[in-house]
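Only one structure is covered here, and it is reproduced in the block below.
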Amino acid sequence: MSQVRLRFAPSPTGYLHVGGARTALFNWLLARKQQGRFILRIEDTDVARSTQESVDAILEGMTWLGLDWDEGPFYQSENFPLYKEYVQKLLDAGKAYKCYCSAEELEAKREKAMKEGGKPKYDGTCRNLPPQEDDGRPYVVRFKAPQEGTTSWVDLIKGKISFENVELDDLIIQRTDGTPTYNFVVVIDDATMNITTVIRGDDHVNNTPRQILLYEALGVPVPTFAHVPMILGADKARLSKRHGATSVMAYRDMGFLPEAMVNYLVRLGWSFGDEEIFSLEDLTQKFSIESVGRSASVFNPDKLLWLNAHYIKTGDPVRLAGLVTPFLKERGVDSEKGPGLVAVVKTLQERAKTMLELADGAVFYYKDGFEYDEKGAAKNFNPETPALLELLNAKLEGLATLDMESVEGVFKGICEEKGIKLGQIGPAVRLALSGTTASPGIYEMIVTLGMAETRKRIERAMAWIRR
RNA sequence: GGUCCCAUCGUCUAGUGGUUAGGACACCGGCCUUUCACGUCGGUAACAGGGGUUCAAGUCCCCUUGGGAUCACCA
């Protein structure tokens, strides 16, 4: 049995957006699951709109998500001679013809047809023109599509879809300037690259019958199609910038982990029983294109956030420390100086939903001379506080080892000795150490900060209260 | 407007003729607790409407309604 070949074919006119990323993911998953090949092809036949920056951005996005490709990236712009050859083949076979109608003429006809409530389709003026020598007039090449019959296919996601050929018109396959058009080029590329399965956005459903007709005219096998539904914004309109970030890399910059993105994207339209958490590796076993839903789905940032929190919570602290470092730099923190970043991360993991929050939460560990939260200070720094803090410092100093257990012992000791509750000293210590009223656990902070820094901060608080 | 596609809680979804219609996010409450979180327990919440078929319909068929895609010498 021959192996499956899938491809992701973005056009480089912008960054990799979440919709494209999901399409790429589905392609990648199916290729991996069936031990096939995953090919990356850049659709840059529109030379004017394509940019190298976009290509780079797309590759960066895929790499970040962990979607590697086996072949490519191939560039359509490098294949122009090949496309010309196929156009000529069709011309020679009488399956395509030159059309001399001008764009303006066509536009006028379309408008007229629309106005009269008719179909804005090519009227076939040049379809039956006798073959003639070039007389220098500009022309496009049109595909001579069958005018009767039905074209249909069984879509892996949507099931059987049929179109009446009458509804289709003779599409342009080569422009006046000699460059090929999209619908033609995809077919040639998918055919010559032996693509067996085409997974793409369902905005291509209407192009599919024309493409199938082209495959047939060319006498090459028609691939299997799977059209994945669109991703919508909260207002059920197609997802766009006004719904928030759509660029995959923007999510990295907002502190999202790639595994959260992958997990979220795959669950958008696909499910596996009641399971919610999937790694890329799980997915290569569990994913199936047939169980992708047929309807469009709304992008839900809350759920993405929840997944991100999950992956931060359960993530490897060493890796997270590496990932958070640039965000700390942005905050003017050099994590080389101060408590070990890995230990710091551990105290913050279950409190942060994004790497940004993790970074924000870590800043106090590395700052000295921070302000005390005003309300917190008013409430928790009392006249009796300095004495308690002094006692704490003394007891801490006497500790042989600084760990959670010994620190807890110190606090219990103080409470017993003074006949107070933890609530009468804890919040003050929290404020003294972090400057805020919301922080990691007190014992954790002390252990993470270390003896010297802890005592320094406590002393500073004492001085501040007595000032 | 033509063509094509779609329709279960607010959202993502399970469900393939017989279910108290399940799970997850969000939301609301209880518990846990040194703060914030985490965790945990519980709750509110859905088969768009109408016709059929059938002993039985969220599940099959038709219509209506609603949504989306597309109708380029863009991809």
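Numbers restart at 1 for each chain; the letters A, B, ... are given by sequence-line order, proteins then strands. The figures that follow rest on heavy atoms only: side chains count, while hydrogens, waters and symmetry mates do not. All of these numbers come straight from a predicted model, not from anything done at the bench.
Residue order along RNA chain B, read from the 5' end via each residue's closest nucleotide, puts Ser291(A) first among Ser291(A) and Lys353(A). If Lys158(A) and Arg267(A) are placed on RNA chain B by their nearest nucleotide, the residue sitting closer to the 5' end is Lys158(A).
In this structure, Asn207(A) reaches the bases: a heavy-atom distance under 4.0 Å links it to at least one base atom across the strands shown. Using a 4.0 Å heavy-atom criterion, one finds that Lys313(A) contacts the sugar-phosphate atoms exclusively. Residue-level contact check: Thr13(A) touches neither bases nor backbone, having no heavy atom under 4.0 Å from any strand. No engagement by Ser434(A) is indicated, since no non-hydrogen atom pair under 4.0 Å with the nucleic acid exists. Across all strands, Val140(A) comes closer than 4.0 Å to base atoms (heavy-atom distances). Contact annotation for Arg238(A): backbone-only contact, meaning every heavy-atom pair under 4.0 Å involves sugar-phosphate atoms and none involves a base. Note on Ser297(A): only backbone sugar-phosphate atoms sit closer than 4.0 angstrom, heavy atoms only; bases stay farther off. Across all strands, His204(A) comes closer than 4.0 Å to base atoms (heavy-atom distances). Here Cys415(A) lies out of heavy-atom contact (under 4.0 Å) with every strand.
Between the CZ atom of Phe278(A) and the P atom of rC25(B) there is a distance of 14 Å, given to the nearest Å.
For Arg127(A), the salt bridge (Lys or Arg N to Asp or Glu O under 4.0 Å) partners are Asp170(A), not counting sequence neighbours. By the salt bridge (Lys or Arg N to Asp or Glu O under 4.0 Å) test, Glu164(A) pairs with no residue at all, sequence neighbours left out.
Listed nucleotides: rC6(B), rC5(B), rA69(B). Nearest to the side chain of Ser295(A): rC6(B). Listed nucleotides rC4(B), rA24(B), rA75(B) differ in distance to Glu276(A); the shortest reach to its side chain belongs to rA24(B). Counting only heavy atoms from C-beta on, Lys303(A) has its side chain closest to rC12(B) among rG22(B), rU3(B), rC12(B). For Leu268(A), the listed nucleotide lying nearest its side chain is rC12(B); candidates were rC12(B), rA7(B), rC4(B). Taking every side-chain heavy atom of Trp306(A) into account, rA26(B) is the closest of rG23(B), rU3(B), rA26(B). Taking the side chain of Asn206(A) as heavy atoms from C-beta on, and the options rA69(B), rA75(B), rC25(B), the nearest nucleotide is rA69(B).
Pairing for rA72(B) is absent, judged as Watson-Crick or G-U wobble with the two contacts each under 3.5 Å. Nucleotide rG42(B) has rC28(B) as its partner under the Watson-Crick or G-U criteria, with both atom distances under 3.5 Å. When both pairing distances are held under 3.5 Å, rA57(B) makes no Watson-Crick or G-U pair with any nucleotide shown. Nucleotide rG66(B): paired with rC6(B) (Watson-Crick or G-U wobble, both distances less than 3.5 Å). Of the nucleotides present, none pairs with rC36(B) by Watson-Crick or G-U wobble criteria with both distances under 3.5 Å.
Judged by atom type and distance alone, Glu275(A) does not reach the base of rG23(B) through any side-chain donor-acceptor pair under 3.5 Å.
Residue pairs meeting the salt bridge (charged side-chain N to carboxylate O under 4.0 Å, His left out) criterion with at least one member in residues 180-193 of chain A, sequence neighbours excluded, are Arg7(A)-Asp190(A), Arg41(A)-Asp189(A), Arg41(A)-Asp190(A).
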Quick one: what's the B/S/- string for nucleotides 31-36 of chain B, heavy-atom cutoff under 4.0 Å, read 5' to 3'?
---BBB
Output a table of donor-acceptor pairs, distance under 3.5 Å, between side-chain atoms of residues 355-364 of chain A and any protein atom two or more places apart or on a different chain; print 'none' if there are none.
from: Glu357(A); atom 1: OE1; to: Lys353(A); atom 2: N; distance (Å): 3.0
from: Asp360(A); atom 1: OD1; to: Arg331(A); atom 2: NH1; distance (Å): 2.3

Report all side-chain donor-acceptor pairs from residues 411-428 of chain A shorter than 3.5 Å, counting only partners two or more places apart or in another chain.
from: Lys412(A); atom 1: NZ; to: Glu408(A); atom 2: OE2; distance (Å): 3.3
from: Glu417(A); atom 1: OE1; to: Lys395(A); atom 2: NZ; distance (Å): 2.8
from: Gln424(A); atom 1: OE1; to: Lys421(A); atom 2: N; distance (Å): 2.9

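Inspection of the Thr181(A) and Asn183(A) side chains reveals no N or O donor paired with an N or O acceptor under 3.5 Å. A donor atom on one side chain and an acceptor atom on the other are not found under 3.5 Å apart for Tyr86(A) and Thr192(A). Thr436(A) and Ser439(A) form no side-chain donor-acceptor contact under 3.5 Å, judged by distance and modelled atom types alone.
Going from the P atom of rC5(B) to that of rG43(B) covers 42 Å, rounded to whole Å.
Between the side chain of Arg319(A) and the backbone N or O of Gly315(A), no donor-acceptor pair lies under 3.5 Å.
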